[in-house]
2 protein chains.
Amino acid sequence: MGTKQQITERIGSLLRESKLSVTETRTKILELFMKSSGALEHADFEKLTGKTFDRVTIYRTLQTFLDKGIIHKIPTTDTSVRYALCKSECSEHDHHDHHIHFKCEECGNTICLDETDVPQIHLPKGYAAHTVEVVVSGVCKSCK
Amino acid sequence: MGTKQQITERIGSLLRESKLSVTETRTKILELFMKSSGALEHADFEKLTGKTFDRVTIYRTLQTFLDKGIIHKIPTTDTSVRYALCKSECSEHDHHDHHIHFKCEECGNTICLDETDVPQIHLPKGYAAHTVEVVVSGVCKSCK
DNA sequence: TTTTATTTGCAACATTGTTGCAAATTTATG
DNA sequence: CATAAATTTGCAACAATGTTGCAAATAAAA
């Protein structure tokens, strides 16, 4: 984890690497991602920051992070959109998140299982796969 | 496929089997599902029916169909919710849709690949899987 | 420190989804 | 087939979520 100071510095470099200005909103939101054990959705940021930031700013910040390959979206069957930090190998035009996602039916948390590879899918003839998204629902380690 | 007459009868039985009244809205929406090659989302119904039905009625109809196991949801990374018909083996408390979903990046269509099984996922110790959702993006047969 | 570029917050709006209730339709009953 | 009972529908009103333009504030560059 590291001290608060170290985290702030790490966030600073991450933003500068992505050619983004280092602002309070961006720093705070990245901090929340790093502290969190799982994926976050828009509403979480308003709660966790106590409405310090405008809704619009949060939307725009998340979009910017997506564009720069800092975070990725996780598919859901409801209208919420969940986001999680990408691994360091991701960049603006190249996502390398070849992991699956796990949603716990008990605690509601969604986490990235970074060690669990996305399986090979054997598609019918004529179909070309580009990306494969896997979301497993069940009971997580902590809730078992 | 069958004649219009036959489809209407099939829909009637399906609704009665699920202990639902046979109404115009429900018949029309099921008809659209059966005609459609892929998954549909709420907005499609308003378009396809030419605003014949109230938004609220469509929401409630889709929810009812979900509850009865007539349709299922497909996960997405945006705020839209996509629905598709379940296979005949599904019932109110028992879904048996063990297939993957394919979203074409060209035509935007989402389809159920009924012959393609959901792969076994080997989770880390401590995790219990309940359902596995797989959505593959790429280029479909027709767009290739 | 000043200039320039970027980001933020506000207002206003668009879209999507929900709830209560009266009217209309469907199903059950005599 | 007519009527009663149950269910479904449409409307109005609201809540939540997401978007856009623009002026003020902040960060980066000079």
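What you are looking at is a predicted structure, and each value in this text was computed from that prediction instead of being measured. By convention in this document, chain letters (A, B, ...) are assigned in the order of the sequence lines, proteins followed by strands, and residues within each chain are numbered from 1.
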Measuring from [X]:[atom1] to [Y]:[atom2], what's the distance to the nearest 0.5 Å?
X        : Y       : atom1 : atom2 : result
B:Ser80  : B:Ile74 : OG    : CD1   : 10.0 Å
B:Cys112 : B:Leu85 : SG    : CG    : 8.5 Å
B:Arg26  : B:Ile58 : CZ    : CD1   : 13.5 Å

Rounded to the nearest angstrom, tell me the gap between atom [atom1] in [X] and atom [atom2] in [N].
X       : N      : atom1 : atom2 : answer
A:Lys47 : D:dA16 : NZ    : P     : 11 Å
B:Lys51 : D:dC11 : NZ    : P     : 12 Å
A:Phe45 : D:dA16 : CZ    : P     : 19 Å
B:Phe53 : D:dC11 : CZ    : P     : 13 Å
A:Lys68 : C:dT7  : NZ    : C1'   : 14 Å
B:Lys28 : C:dT25 : NZ    : P     : 18 Å
B:Leu66 : C:dT18 : CG    : P     : 11 Å
B:Lys19 : D:dT7  : NZ    : P     : 13 Å

Requested in this report: Could you pull out all residues at least two apart from B:Arg82 that satisfy salt bridge (charged side-chain N to carboxylate O under 4.0 Å, His left out)?
Outcome: B:Glu41
Close N/O contacts between protein and nucleotides 22-30 of chain D (under 3.5 Å):
unit_1: D:dA28; atom_1: OP1; unit_2: A:Val22; atom_2: N; d: 3.0

Query raised in the report: Closer to the 5' end of DNA chain C via nearest nucleotide, is it A:Thr25 or B:Gln63?
Result: A:Thr25
Query raised in the report: Axis-to-axis angle across the helix from C:dT1-D:dA30 to C:dG30-D:dC1, five pairs an end, to 10 degrees?
Result: 30°
Query raised in the report: Is the distance between the ring centroids of A:His42 and A:Tyr59 less than 6.0 Å?
Result: yes
Query raised in the report: Minimum heavy-atom separation for B:His98 to B:Asp117, with atom names?
Result: O-OD1, 3.7 Å
Query - For B:Lys51, side-chain hydrogen bond (donor to acceptor under 3.5 Å, both in side chains) partners two or more places apart - result: none
Report task. Look at A:Lys4 together with A:Glu31 and state whether they make a salt bridge at an N to O cut-off of under 4.0 Å. Result -> yes
Query raised in the report: Should B:Phe102 and B:Val135 be marked as a side-chain contact (heavy atoms from CB on, under 4.5 Å) after you check the CA-CA gap, both sets of side-chain angles, and the distance that decides it?
Result: CA-CA 6 Å; B:Phe102 187 90; B:Val135 182; over 6 Å; no
Report task. Return the set of residues passing ring-ring contact (aromatic ring centres under 6.0 Å, His included) with B:Phe33 (not counting sequence neighbours), or none when no residue passes. Result -> B:Phe45
Query raised in the report: Along nucleotides 11-17 of chain C, 5' to 3', which nucleotides get a B, which get an S, and which get a -, given that the test is a protein heavy-atom distance under 4.0 Å?
Result: B----BB
Requested in this report: Before giving the answer on side-chain contact (heavy atoms from CB on, under 4.5 Å), spell out for A:Phe53 and A:Glu46 the whole-Å C-alpha distance, their side-chain angles and the decisive distance to 0.1 Å.
Outcome: CA-CA 7 Å; A:Phe53 307 107; A:Glu46 301 200 28; over 6 Å; no
